[in-house]
Student: 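To start, I am sharing the structure in question, which I have written as structure tokens.
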Amino acid sequence: QVQLAESGGGLVQAGGSLRLSCAASGRTFRSDAMGWFRQAPGKERVFVAAISWTGDSTYNTGSVKGRFTISRDNAKNSVFLQMNSLKPEDTAVYYCARSRRAVAAPRASDYDYWGQGTQVTVSS
């Protein structure tokens, strides 16, 4: 069993930055890709970014490309999401997830473990 715990969320003004962290514990599997998803109030959960096990391949949704950067530290069983130039529409609960595959993928069905989420609120 793998447990994922997100941290780093909070309240920030538009244009500001936040860095989200996700720490894995329990029985970890270091060879799988990791991803970030988010769910805004009244909306469905959507893909944000993913990173392969090696870290040499990433995939980001167009709405955050150039602003958000996903990274990982396999030695520390952690994945990060650096969020810059935040916009009010980025407001959501952000979830990290572990993929069943090594490649970076945008489909939620590819992920088998999920964190509890961390709230990000961007004010205008």
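Heavy-atom basis, side chains included; hydrogens, waters and symmetry copies ignored. Fair warning: this is a prediction, and the values are worked out from it, not measured in the lab.
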Student: Compare every heavy atom of A14 with every heavy atom of S124, then report the nearest pair and how far apart it is.
Tutor: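 Of all heavy-atom pairs spanning S124 and A14, the closest is CA-CB, 4.4 Å.
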
Student: Compare all side-chain heavy atoms of S52 with those of V103 and state whether any distance is below 4.5 angstrom.
Tutor: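 Of all side-chain heavy-atom pairs linking V103 with S52, none is under 4.5 Å.
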
Student: Under the 3.5 angstrom rule, does the side chain of E6 hit a backbone N or O of G117 as a donor-acceptor pair?
Tutor: yes

Student: Looking only at heavy atoms, which two atoms of S78 and A23 are closest? And how far apart?
Tutor: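 Looks like OG-CA, 4.2 Å.
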
Student: Is it the case that more than 12 heavy atoms not belonging to Q119 sit under 6.0 Å from its CD atom?
Tutor: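 More than 12 within 6.0 Å, yes.
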
Student: Quick one: are M83 and L20 in side-chain contact, heavy atoms under 4.5 Å?
Tutor: yes

Student: Given the rule in the side chain to side chain contact (heavy atoms under 4.5 Å, CB included) test, do N60 and V48 qualify, once you have shown the distances and angles that lead to the verdict?
Tutor: CA-CA 6 Å; N60 307 277; V48 176; over 6 Å; no

Student: Please lay out, stage by stage, how Y59 and F47 fare under the test side chain to side chain contact (heavy atoms under 4.5 Å, CB included).
Tutor: CA-CA 10 Å; Y59 182 60; F47 171 77; 3.5 Å; yes

Student: For S17 and N84, does a side-chain donor sit closer than 3.5 Å to a side-chain acceptor?
Tutor: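 The criterion, which ignores hydrogens and geometry beyond distance, is satisfied for N84 and S17.
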
Student: What's the separation between atom CZ in R67 and atom CG in L86, rounded to the nearest 0.5 Å?
Tutor: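 Reported value, rounded in 0.5 Å steps: 6.5 Å.
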
Student: Output the distance between atom OH (Y94) and atom CG (L18), rounded to the nearest 0.5 Å.
Tutor: 9.0 Å

Student: Hey, could you give me the CD/CZ distance between Q82 and F80, rounded to the nearest 0.5 Å?
Tutor: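 Rounded to the nearest 0.5 Å, the CD-CZ separation comes to 10.5 Å.
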
Student: Measure the CG-SG distance between L4 and C22 for me, rounded to the nearest 0.5 Å.
Tutor: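 Answer rounded to 0.5 Å: 4.5 Å.
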
Student: Measuring only between side-chain heavy atoms, which start at C-beta, is T61 closer than 4.5 Å to V46?
Tutor: no

Student: Are Y95 and F37 close enough, and set up right, to give a ring pair (Phe, Tyr, Trp, His ring centres under 6.0 Å), and what steps lead you there?
Tutor: CA-CA 5 Å; Y95 301 89; F37 293 77; 8.7 Å; no

Student: Between SG of C96 and CZ of R72, what distance do you get to the nearest 0.5 Å?
Tutor: 11.0 Å

Student: Is there a side-chain contact between R45 and W114 in this structure, where contact means two heavy atoms from C-beta onward sitting under 4.5 Å apart?
Tutor: yes

Student: Do any N or O atoms from the side chain of T118 and from the backbone of G9 form a donor-acceptor pair under 3.5 angstrom?
Tutor: yes

Student: Between D32 and R101, does any NZ, NE, NH1 or NH2 come within less than 4.0 Å of an OD or OE carboxylate oxygen?
Tutor: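 No.
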
Student: Could you check if a side-chain atom of N74 sits within less than 4.5 angstrom of a side-chain atom of M34, using non-hydrogen atoms only?
Tutor: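 SC-SC contact between N74 and M34 ruled out.
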
Student: With the threshold set at 4.0 Å, does a side-chain nitrogen-carboxylate oxygen contact exist between D110 and R107?
Tutor: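 Yes.
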
Student: Just wondering, do L81 and T69 contact through their side chains at under 4.5 Å, heavy atoms?
Tutor: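 No, too far: nothing below the 4.5 Å cut-off.
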
Student: Please examine the side chains of I51 and V79, heavy atoms only from C-beta on, and report whether any two atoms are closer than 4.5 Å.
Tutor: yes

Student: Keeping T91 on the side-chain end and V122 on the backbone end, is there a donor-acceptor pair under 3.5 Å?
Tutor: yes

Student: Show your working on side chain to side chain contact (heavy atoms under 4.5 Å, CB included) between Y113 and Q1 and close with a plain yes or no.
Tutor: CA-CA 9 Å; Y113 291 99; Q1 186 72 28; 3.4 Å; yes

Student: Tell me if a side-chain donor or acceptor on R100 pairs with a main-chain N or O of S109 at a distance below 3.5 Å.
Tutor: yes

Student: For the OG1 atom of T58 and the CZ atom of F68, what is their distance to the nearest 0.5 Å?
Tutor: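 Rounded to the nearest 0.5 Å, the OG1-CZ separation comes to 14.0 Å.
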
Student: Does V12 belong to the same Ile/Leu/Val/Met/Phe/Trp/Tyr cluster as W36, with side-chain heavy atoms less than 4.5 Å apart forming each link?
Tutor: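 In one cluster: yes.
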
